[in-house]
Structure formats: structure tokens, C-alpha cells
Amino acid sequence: MFTSPSRVGCQGRGVGLMTALGERITGYLASGDARQLPFPVSPIRPIPFHAFRQVGVAATIAWYRTLDAFER
């Protein structure tokens, strides 16, 4: 049986899902065969414009502060 050093927490929702997927994921980790998983495995894609997130957040905050100033 495969044991993991990490723990996963569910706040009530997902307990059944974690229970059902546990055996399948363990089989995948032990064998490396992705066909054991009930969902497709795909490569991680980068999030578009992620590098500009700080600029976007700062601009959005400035925009809404400007709108708030006009309402006063």
C-alpha cells in the first residue's frame, strides 16, 4: 500500500470524492499508468498575462479609488 507523507483536508465537501479517488490515484502513483485515473492528464498551460498581474491589480485599485473620489 502506498502511503504519502502529505495530508489532504476536506471541509466536509469532497470527502466522498477523495475516498473514491484515493485508490485510483495510489494505483497511478505506484505504476505511472495514467489509464488508471478517471480523468485525463494534460500538461500545465501558462496563464496568459500572468507576469502583468501586479501592474493590473495596482491599476485596478487606482481606477476604483479615482471613481470613489468622484463620488464624494
Side-chain angles (χ1 to χ4, degrees):
M1 182 174 163
F2 180 82
T3 58
S4 172
S6 63
R7 304 281 184 235
V8 176
C10 298
Q11 291 76 25
R13 297 178 182 213
V15 174
L17 177 64
M18 296 301 284
T19 302
L21 288 180
E23 189 173 328
R24 296 268 186 103
I25 292 174
T26 302
Y28 167 68
L29 292 174
S31 70
D33 182 12
R35 292 178 297 170
Q36 292 193 24
L37 296 174
F39 49 82
V41 177
S42 60
I44 298 174
R45 295 179 309 207
I47 299 171
F49 306 108
H50 187 261
F52 302 107
R53 71 189 181 283
Q54 291 178 334
V55 173
V57 169
T60 302
I61 290 171
W63 172 251
Y64 281 103
R65 283 184 178 164
T66 304
L67 291 178
D68 287 343
F70 283 127
E71 288 181 6
R72 291 182 189 162

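One is the number of the first residue; the rest follow in order along the sequence.
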task = Identify whether V41 and L17 are in the same connected component of the hydrophobic contact network (ILVMFWY, side-chain heavy atoms under 4.5 Å).
result = yes

inquiry  = Let me confirm one number: the OG1-CG distance from T26 to L21, rounded to the nearest 0.5 Å.
reply    = 10.0 Å

ask   = If you look only at pairs with a residue in residues 16-28, which of them pass as a salt bridge (charged side-chain N to carboxylate O under 4.0 Å, His left out), with sequence neighbours excluded?
value = none

query = If you count the non-hydrogen atoms of other residues, nucleotides and ligands that lie under 6.0 Å from CZ in R53, is the total more than 12?
reply = yes

key: Contact summary for Q36 and S31, nearest pair of heavy atoms   = NE2-OG, 3.2 Å

inquiry  = Looking at every non-hydrogen atom in both residues, tell me the closest pair between Y28 and D33 and how far apart they are.
reply    = CD1-O, 3.4 Å

ask   = Is F39 atom CZ crowded by more than 12 heavy atoms from other residues, nucleotides or ligands, each under 6.0 Å away?
value = yes

